[in-house]
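Here the structure comes first, spelled out in structure tokens, and everything after it is commentary.
Remember, it's a predicted structure, so these values are computed and weren't measured experimentally.
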Amino acid sequence: MSVAPAEQLVDIEDGQGDRAPEQPPRPPRSMQRQPTIAEFAKKVATSWVKPPTREAEEQRRLQERKLKRQQTKARLKAEASSKKADEDPAAAGEGAPKKMKRWLSQLAMLNKDPRRKVTLKLTPDEAAEDLDEDPEDKEYRPIVMVITALFYTIILIASIWYNGGFEPFAVNPFFGPSEKTLIYFGAKYTPIMVDKQQYWRFLTAMWLHVGVIHFVLYMFTQYRNGIPLEREIGHWRVTLVYFISAIGGTLFSAIMVPNLVSVGPSGALMGVLGISIVDVAQNWEYRENPQKEMLNLIVTLVIALVLGLLPSIDNFAHVGGFVCGIFSGMVFSPNIHFKLRKTFVTFLGVLGLLAYFVATLAVFFLRVSPATEWCDACTTIECLPVLDWCGAVDTTGLF
């Protein structure tokens with residue numbers, strides 16, 4: 001048996017035997033090469049803009065989990081339809097095979113989707129486990145959209161009752177109250193807002209509707225676009241997006257067409273459309289049918305702009321709400337990140353909202369005069385001069 005030399009034993013006992021060779025001393029900071037301004041700026045921009053690998057992997061994992069959940073639901077519904085039809089064909093009805101075929105086709109599409117980077121073939125155990133509620137992939141109930149729709153209904157009925165019924169078609173083509181009644185209930189009308197300091201109308205205008213047709217169209221839009229958004233991003237996020245867009249749209253309208261009455265949740269629903277369009281465009285490869293979703297959103301946007309040419313429906317509120325919706329989505333929606341670091345996108349969204357509200361509020365308080373119009377074309381864009389739809393507003397006896 002060999003024995004270590006005495007010198008090595010002494011080194012081991014002193015804890016020096018396994019020590020790594022000493023590194024040469026670093027030169028003084030004054031002698032080190034300092035980065036140029038361009039290199040420093042590139043380093044800062046990269047640290048802010050480039051998404052870290054961990055966040056990108058987390059985003060991919062969440063999207064795959066959502067696709068897996070869709071696949072599971074499609075499979076279980078197809079199996080349930082098939083089982084119900086086998087057990088009791090009479091109770092299942094004639095539509096059961098059609099339902100089963102639809103769910104099976106959706107399941108086949110999810111399984112064969114070439115855009116997915118992983119194969120999501122589920123065993124029965126995995127399917128049952130995937131149905132458990134996951135806090136990171138939670139689907140919320142549309143509480144905010146239902147409550148706002150209930151308030152819209154109550155206020156519409158109250159305004160028509162106070163008006164004594166519907167106005168003639170030549171005055172209000174939407175089967176609703178007069179503009180005088182709408183102003184009494186809190187419509188946006190800049191002369192009163194400026195002269196009487198009734199700034200609360202920025203918020204109350206969104207709760208009113210021109211008439212029954214206007215109410216039905218906007219509630220359909222809220223059902224098609226607002227409820228899915230709330231299910232995806234949650235109650236408090238959609239509430240903030242909804243009200244920020246509504247107030248931002250009313251503020252822009254008060255500046256551009258101060259002498260026209262306007263009501264409705266135009267800005268709020270356009271904000272919902274704005275965030276939905278950006279979401280679909282960014283997450284195109286993860287959507288089940290992105291072409292159909294985008295087409296539906298664009299058609300809804302065009303219809304809203306056409307309706308904005310009719311009395312008391314506000315195209316400028318549409319534009320302002322759309323812009324505020326995009327900025328609010330950058331702040332509050334976890335799905336909108338433009339493939340950048342989410343902190344950076346949130347910062348840009350907050351900056352955009354601050355710039356928008358500071359600029360519009362400054363113009364409203366310093367430059368808006370009810371006696372003057374910004375442009376003649378703005379009135380035409382807001383209300384087509386047809387019949388008596390865009391006549392002067394009678395406010396006698398209101399205040």
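- Between Val216 and His214 the shortest side-chain heavy-atom distance does not fall below 4.5 Å.
- A donor-acceptor pair under 3.5 Å links the side-chain atoms of Glu230 to the main chain of Val144, judged by distance alone.
- Residues Phe252 and Asp314 have side chains not in contact (no heavy-atom distance under 4.5 Å, counting atoms from C-beta outward).
- Counted by atom type alone, Ser178 and Thr181 present one or more donor-acceptor pairs between their side chains at under 3.5 Å.
- Side chain of Arg237 to backbone of Leu229: no donor-acceptor contact under 3.5 angstrom is found.
- A ring-centre distance under 6.0 Å is found for Tyr199 and Phe365.
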| Can you list the steps and then say if Phe243 with Leu203 is a side chain to side chain contact (heavy atoms under 4.5 Å, CB included)? | CA-CA 8 Å; Phe243 282 91; Leu203 183 61; 3.8 Å; yes
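- Of the possible donor and acceptor atoms, one in the side chain of Lys188 sits under 3.5 Å from a partner among the backbone N and O of Leu260.
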| task | Would you sort out whether Tyr242 and Ser328 count as a side chain to side chain contact (heavy atoms under 4.5 Å, CB included), showing the intermediate values? | result | CA-CA 9 Å; Tyr242 201 83; Ser328 301; over 6 Å; no
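- Qualifying salt bridge (charged side-chain N to carboxylate O under 4.0 Å, His left out) partners for Glu167, counting only residues two or more places apart in sequence or in other chains: none.
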Residues 356-363 side chain polar contacts: donor-acceptor under 3.5 Å, at least two apart:
{"residue": "Tyr356", "atom": "OH", "partner": "Gly248", "partner atom": "O", "Å": "2.7"}
{"residue": "Thr360", "atom": "OG1", "partner": "Tyr356", "partner atom": "O", "Å": "2.8"}
{"residue": "Thr360", "atom": "OG1", "partner": "Phe357", "partner atom": "O", "Å": "3.3"}

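- For the atom pair OG1 (Thr190) and CG (Asp195), the distance works out to 10.0 Å, reported to the nearest 0.5 Å.
- By the 30° and 60° cut-offs, the orientation of the rings of Phe175 relative to Phe169 is tilted.
- Between Phe185 and Tyr162, the ring-plane angle classifies as perpendicular under the 30° and 60° cut-offs.
- Tested against Pro177, the residues Leu208, Val171, Leu182, Val263 include a single side chain to side chain contact (heavy atoms under 4.5 Å, CB included) partner, Leu182.
- Between His209 and Phe215, the two ring planes are perpendicular [angle over 60°; tilted spans 30° to 60°].
- Looking only at side-chain heavy atoms (C-beta outward), Phe332 and Ile244 come within less than 4.5 Å of each other.
- Considering all non-hydrogen atoms of both residues, Gln222 and Ala149 come closest at NE2-N, 4.0 Å.
- Put simply, CD1 on Ile298 and CG on Leu273 are 10.5 Å apart, with the number rounded to the nearest 0.5 Å.
- To the nearest 0.5 Å, the span separating OH on Tyr189 from NZ on Lys180 amounts to 12.0 Å.
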| Stepwise side chain to side chain contact (heavy atoms under 4.5 Å, CB included) check, Ile336 with Ile275 | CA-CA 8 Å; Ile336 296 180; Ile275 187 175; 3.5 Å; yes
